[in-house]
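Some notes on the structure that comes next.
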Amino acid sequence: MTKAMLIDTTRCIGCRSCQVACKSWNELPAEKTAFSETGSNPRHLDASNFTRVLFLESPAPGGAVRWSFVKRQCMHCLEPACASACPVGALEKLATGPVVYRDDRCIGCRYCMLACPFQIPKYQWSARVPYVRKCDFCADRQALAKKPACVETCPGEALRFGERDQLLAEAHRRMKASPGPYAPEVYGERTAGGTSMLYLTAVPFQALGLHHRGFRTDLGETAVGQASQAWMSGVPWVALAVGALSTGLYHLNQRRHRVKEQEEKGD
Amino acid sequence: MATVEQVGSAFTEPGSSPAGTSPWRLVAYYFLATGAIAGAARFVFGLGATTNLNDGYPWGLWISFDVLTGVALAAGGFTLSAIVYVFDLKEFRPLLRPAKLSAFVGYVMVVLGLFFDLGLPWRLWHPLVMWNPRSVLFEVSWCVMLYTTVLALDVLTMILEAREEERWVRILRSIYVALVVAGIVLSTMHQSSLGAMYLLMPEKMSTLWATPALGPLFYSSAIAGGLAVVILEALLGARARRRTPDVELLSSLGKGLAAALLVTFAMRVTDLYARRVPVWSFDGPHLLFYLELFGTVALPAALLGFFPAVRQGRIGLTWCAGLSAFGVALNRFNVSLTSYAGYRDFRYFPSVAEFAVTLGFISLAILAFDFAARRLPLHAPTP
């Protein structure tokens with residue numbers, strides 16, 4: 001019963017209407033843009049841009065150039081690192097799929113920004129009362145049984161919203177039905193413990209070279225946040241051992257000194 | 001009572017220079033003033049306008065120095081109380097109270113520093129009621145709050161002694177064991193957990209520092225840093241307050257510092273070997289790594305451990321302790337800042353305001369310690 005999104009980049013035409021829909025649903029301010037060397041715009045995700053289509057050129061057979069359009073936004077991990085990192089539980093994975101952020105809990109430590117393996121949480125640096133901002137999978141729309149704004153608006157059916165297991169089955173069906181246009185992997189199926197965003201690409205992610213741009217291929221299949229949980233499960237035992245040992249030795253030393261004093265008195 | 005007599009003598013220290021004469025003090029006041037101005041600007045104009053922090057580098061100088069380095073260098077308090085009470089090395093007792101005072105001052109600076117760095121600092125108390133037991137930072141914030149309280153009670157006992165409030169001193173003394181043990185436990189937990197916070201992002205860090213052993217490594221290097229600061233404080237503080245330092249005792253503690261450094265060195269080498277990290281190269285991270293491991297861990301360890309002449313001299317001891325303390329700071333910067341170089345197309349170098357606030361905190365820490373050291377019975381015997 002957990003929702004997901006299938007992002008078939010081979011169907012994306014790079015129109016960026018998802019970016020516009022996201023802005024308008026979340027009431028994010030428009031901003032002046034500038035040309036970039038690739039055509040991707042705006043240049044980075046930030047506190048007022050929750051999604052962005054990367055325009056990527058890669059060599060295709062026959063000396064041609066192949067365009068890949070890869071949409072970026074929060075991956076909505078099954079076990080999010082941000083939620084393991086946050087000291088006050090401001091970030092939370094809902095059973096229905098979205099990873100949501102609660103303004104009223106956040107203390108502004110920004111550990112989530114460091115912990116996220118996909119570099120998603122962004123900060124309102126220019127605000128005097130700043131919060132973390134990121135895509136929330138349109139949790140508010142989902143609560144009204146609506147699709148996320150980006151899915152709703154996508155004209156090329158590159159985005160599909162549904163149950164995660166059904167979308168995974170669909171992804172594998174597409175790969176099997178026409179193996180030509182697809183690289184044989186679903187990014188997000190097991191990446192970093194699995195995410196709610198599932199990607200189909202023409203070129204494997206490794207070859208797209210997006211290591212520094214939010215799509216790492218060296219994350220493995222365990223959730224990043226498990227390191228946090230593993231450490232925390234050891235902490236009580238260490239505390240207990242150190243506490244018992246110091247208390248014991250303290251009293252032993254005190255006793256030894258008392259005995260010594262008495263012996264000296266006795267002599 | 002002997003205690004009261006000694007308190008009295010510590011109170012009117014013979015030959016202590018009147019405040020406000022030394023040029024160093026003027027420098028400290030200057031940095032305190034600029035830090036206060038920069039700090040006010042941070043609250044008026046916000047983090048974005050006054051710092052160079054950005055989405056690629058959400059943590060900068062204030063976390064690396066004011067928090068991580070500050071906590072590590074304030075480890076002398078719990079280290080000395082473990083040495084005296086757990087390992088029963090009573091000869092180090094005279095250093096215990098100065099160590100606790102410097103730890104208290106250090107932790108107050110850390111908490112104040114966090115106040116400037118947090119986006120919503122008035123919610124500093126949130127972790128007390130909003131729990132996330134999976135989070136390493138949740139544990140760290142609890143430990144830091146509790147340990148600062150423990151240190152505050154220690155310092156309170158000294159203040160009450162100086163004011164001869166015998167009854168209150170007795171009440172606080174009755175929970176002294178609990179305070180000692182709590183201090184050791186809480187410090188062990190958060191000193192190592194500060195390193196464990198970086199277990200979540202190995203893929204973003206240079207392999208030289210991204211290790212599963214970050215927790216134990218932070219712990220052992222903090223012990224070295226704490227000992228180094230205790231030695232430095234005793235030598236430099238004695239000069240400032242015109243006392244004669246007990247060089248013999250400090251050089252004996254210098255042996256302990258050498259041991260802590262050697263353990264840290266051995267752990268680092270073992271870890272790098274076990275992870276098969278390519279160690280020999282001449283790029284930026286490797287040069288920082290050589291400086292850290294050989295220049296500030298191996299070198300002072302060797303000098304203190306194997307050259308008694310260096311260890312027994314005031315100058316040698318000062319330089320070795322200074323080098324070790326610098327090394328701990330360098331390690332914290334490497335783990336939390338330089339390790340990420342080249343990872344993203346973002347750059348970070350601290351702004352003038354960030355430097356000003358940090359320098360202000362360093363000055364405030366020195367002035368506050370000096371102020372308290374001249375008034376508290378630091379050299380009275382502890383039970």
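So that the names make sense, note that chain A is the first sequence line, chain B the second, and so on, each numbered from 1.
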> With respect to chain B, which residue among A:Leu249, A:Val224, A:Leu114 yields the maximal number of heavy-atom pairs within a distance under 4.5 Å?
Replying inline: A:Leu114

>> At a 4.5 Å cut-off on heavy atoms, which part of A:Leu45 comes close to chain B: side chain, backbone, both, or neither?
In response: backbone

> Who among A:Thr247, A:Asp46, A:Asp104 has the most heavy-atom pairs with chain B under 4.5 Å?
Replying inline: A:Asp104

> With only heavy atoms counted, which part of A:Val129 is less than 4.5 Å from chain B, the side chain, the backbone, both or neither?
Replying inline: both

> Using non-hydrogen atoms only, which part of B:Trp131 is less than 4.5 Å away from chain A: side chain, backbone, both, or neither?
Replying inline: backbone

> At a heavy-atom separation under 4.5 Å, does B:Trp125 approach chain A through its side chain, its backbone, both, or neither?
Replying inline: neither

> Top residue by heavy-atom pair count (under 4.5 Å) with chain A, among B:Asp117, B:Thr188, B:Val129?
Replying inline: B:Asp117

> A:Asn49 and side chain to side chain donor-acceptor pair (under 3.5 Å): which partner among A:Gln73, A:Glu31, A:Arg43, A:Gln19?
Replying inline: A:Glu31

> Counting only N and O atoms by type, is there a donor-acceptor contact under 3.5 Å from the side chain of A:Thr9 to the main-chain atoms of A:Ser68?
Replying inline: no

> Closest heavy-atom contact between B:Met145 and B:Leu124?
Replying inline: CE-O, 4.0 Å

>> Any side-chain to backbone donor/acceptor pair from A:Thr191 onto A:Gly188? Under 3.5 Å, distance only.
In response: yes

> Is the side chain of B:Thr69 donor-acceptor paired with the backbone N or O of B:Ser64 at a distance under 3.5 Å, no angle test?
Replying inline: yes

> Taking every heavy-atom pair that is under 4.5 Å apart, which of B:Leu137, B:Leu128, B:Leu47 has the most such pairs with chain A?
Replying inline: B:Leu137

>> Whether the side chain of A:Gln124 engages the backbone of A:Tyr131 through a donor-acceptor N/O pair (distance < 3.5 Å, no angle test) should be reported.
In response: yes

> Any donor and acceptor pair, going by atom type alone, linking the side chain of A:Lys260 with main-chain N or O of A:Arg255 inside 3.5 Å?
Replying inline: no

> Where does A:Gln119 contact chain B at under 4.5 Å (heavy atoms): side chain, backbone, both or neither?
Replying inline: side chain

>> Check whether A:Lys93 reaches the backbone of A:Pro80 with its side chain - one donor and one acceptor, N or O, closer than 3.5 Å.
In response: no

> Which of parallel (below 30°), tilted (30 to 60°) and perpendicular (above 60°) describes A:Phe69 and A:Phe55?
Replying inline: perpendicular

> Of all of B:Met201, B:Arg42, B:Arg123, which one pairs up most often with chain A through heavy atoms under 4.5 Å apart?
Replying inline: B:Arg123

>> With chain B as the partner, which of A:Gly248, A:Ser246, A:Ser228 has the greatest number of non-hydrogen pairs under 4.5 Å?
In response: A:Ser228

> At a heavy-atom separation under 4.5 Å, does A:Ala83 approach chain B through its side chain, its backbone, both, or neither?
Replying inline: both

>> Can you tell me which portion of B:Leu53 sits under 4.5 Å from chain A's heavy atoms? Options are side chain, backbone, both or neither.
In response: both

> Just by modelled atom types, is the A:Cys86 backbone N or O under 3.5 Å from a matching donor or acceptor in the B:Asn132 side chain?
Replying inline: yes

>> Under a 4.5 Å cutoff for heavy-atom pairs, which residue among B:Val180, B:Val44, B:Ile63, B:Thr51 has the most contacts with chain A?
In response: B:Val44

>> Please classify the contact between A:Arg256 and chain B as side chain, backbone, both or neither, with a heavy-atom cut-off of under 4.5 Å.
In response: side chain

> Is a donor on one side and an acceptor on the other found under 3.5 Å between the side chain of A:Lys122 and the backbone of A:Met113?
Replying inline: no

>> Under 4.5 Å from any heavy atom of chain B, what part of A:Arg105 do you find: side chain, backbone, both or neither?
In response: both

>> Just so I understand: if I count every heavy-atom pair under 4.5 Å between each of B:Asn54, B:Ile184, B:Leu199 and chain A, which residue has the most?
In response: B:Asn54

> Do you know which of B:Ser192, B:Pro202, B:Pro212 has the most heavy-atom pairs under 4.5 Å to chain A?
Replying inline: B:Ser192

